[in-house]
Amino acid sequence: SKREGFSTIPDTTWAHVGALGPVRRRLEMSIIGPIKNPDLFTKVGIAPAAGILLWGPPGCGKTLVAKAVANESKANFISIKGPELLNKYVGESERAVRQLFARAKGSAPCILFFDEMDALVPKRDDSLSDASARVVNTLLTELDGVGDRSGIYVIGATNRPDIIDEAIRRPGRLGTSIYVGLPSADDRVDILRTLYRNSIGKKGGESTVDLEVVARDRRCDGFSGADLGNLMQAAAQACLERAYLGLVAGQEEIMMEGVTIDPVITMEDWEAAL
Ligand code: ATP
């Protein structure tokens, strides 16, 4: 996996993202379009969003869509987890924040992605330490500095928008909030097919199982995209175990005939995974 804080254009495209149509359209209008066709957007008086806050439950694709936005914009992507900027000596965190923006400027066009933003910009109330408050202020100052045409677009992600300092959501900062929620049953079908197509499906076999039946199963109610990914892993694991145990049981015969196995994930495997 890519080193944290390292800037490069990610491989993730919209083809890796299932469902989330409305989220995708808003990101296209607010970031991708303005980067790719700046004149078209400025002509009608639309300035690109300085920054966007993606919020919603874990595992529903916030990081995934942020990467796809960078890929589709042909922009570099710098990703940093909020807490990583914090566990530093006094004064070091502010310096790290400033360095991050400086690096983004050097890599423009660049998407600067802050995961777990709530850890970095908690509400500045009485309980907040001076050190943390200084980090919040530094981040706000840097955000104000990446105005129009700087080529830096900031995307923040959080599961807890309620504990974030409200000043960060002002226009000109992360002025646009987009909700990335749990998938519906229809969404799950699209996500599971997308996950399958981009992993197991790429290595050959069509699924002999109707993935729609799996994704619509009541036991998948409340599943996130990440949960569906884990389910698919578990089904693949069950398939391998079944194939391997069969191989061991029939070993002599197989060795004599030189048979190789071609594991196919069956409904039995998905059942085991569920
Ligand atoms: P967190 O809040 O925990 O950081 P997140 O919302 O950023 O979660 P991601 O890291 O983007 O979630 O998603 C985790 C994984 O789940 C993805 O790498 C992908 O495999 C799968 N996934 C989630 N949502 C989708 C989706 N809509 N389409 C395809 N895969 C998805």
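For clarity, every value in this text was computed on a predicted model and none was experimentally measured. Atoms within a ligand are numbered from 1 in the order they appear, just like the ligands themselves.
- For K67, the NZ atom sits in a loose shell: 12 or fewer heavy atoms of surrounding residues, nucleotides or ligands are nearer than 6.0 Å.
- If you number the atoms of ligand 1 from 1 as listed, the ones under 4.0 Å from a heavy atom of G18 come out as 26 (C), 27 (N), 28 (N), 29 (C).
- Under the side-chain contact (heavy atoms from CB on, under 4.5 Å) test applied with I191, the options D227, V17, L228 reduce to a single match, L228.
- For the pair R173 (side chain) and I168 (backbone), a donor-acceptor distance under 3.5 Å is absent.
- The closest approach between a heavy atom of C60 and any atom of ligand 1 is below 4.0 Å.
- Put simply, the side chain of K62 gets close to the backbone of P57: a donor and an acceptor are under 3.5 Å apart.
- Of the heavy atoms in D187, none comes closer than 4.0 Å to ligand 1.
- With a 4.0 Å cut-off on non-hydrogen atoms, I191 touches ligand 1 through its side chain and not its backbone.
- Of the heavy atoms in L64, both backbone and side-chain atoms come closer than 4.0 Å to ligand 1.
- Which parts of ligand 1 touch L195 is read off a 4.0 Å heavy-atom cut-off, strictly below it: atoms 20 (O), 30 (N).
- Residue V65 does not touch ligand 1, judged by heavy-atom distances below 4.0 Å.
- Each of the following atoms of ligand 1 lies closer than 4.0 Å to a heavy atom of H16: 28 (N), 29 (C).
- In terms of polar-atom proximity, N159 is counted as a contact of ligand 1, with an N or O under 3.5 Å from an N or O of the ligand.
- Counting non-hydrogen atoms of neighbouring residues, nucleotides and ligands closer than 6.0 angstrom, the CD atom of Q99 exceeds 12 such neighbours.
- Using cut-offs of 30° and 60° for the angle between ring planes, the F113 and F77 rings count as parallel.
- The proximity of V180 to ligand 1, defined as any non-hydrogen pair under 4.0 Å, does not occur for either the backbone or the side chain.
- Here the heavy atom of the protein found nearest to atom 7 (O) of ligand 1 is T63 OG1, 2.7 Å.
- Near D115, with a cut-off below 4.0 Å to any heavy atom, the atoms of ligand 1 are 4 (O).
- At least one donor-acceptor pair closer than 3.5 Å links the side chain of N198 to the backbone N or O of A15.
- Protein heavy atom nearest atom 23 (C) of ligand 1, with residue, atom name and distance: G59 O, 3.3 Å.
- By the 6.0 Å contact criterion, CG on D125 is enclosed, its count of non-hydrogen atoms from other residues, nucleotides or ligands being greater than 12.
- The protein heavy atom nearest to atom 14 (C) of ligand 1 is A226 CB, 4.0 Å.
- Salt-bridge annotation for D221 and R218: present, with a side-chain N of the basic residue lying under 4.0 Å from a carboxylate O of the acidic one.
- No more than 12 heavy atoms of other residues, nucleotides or ligands sit less than 6.0 Å from atom NZ of K36.
- From the protein, the heavy atom lying nearest to atom 13 (O) of ligand 1 is G61 N, 3.9 Å.
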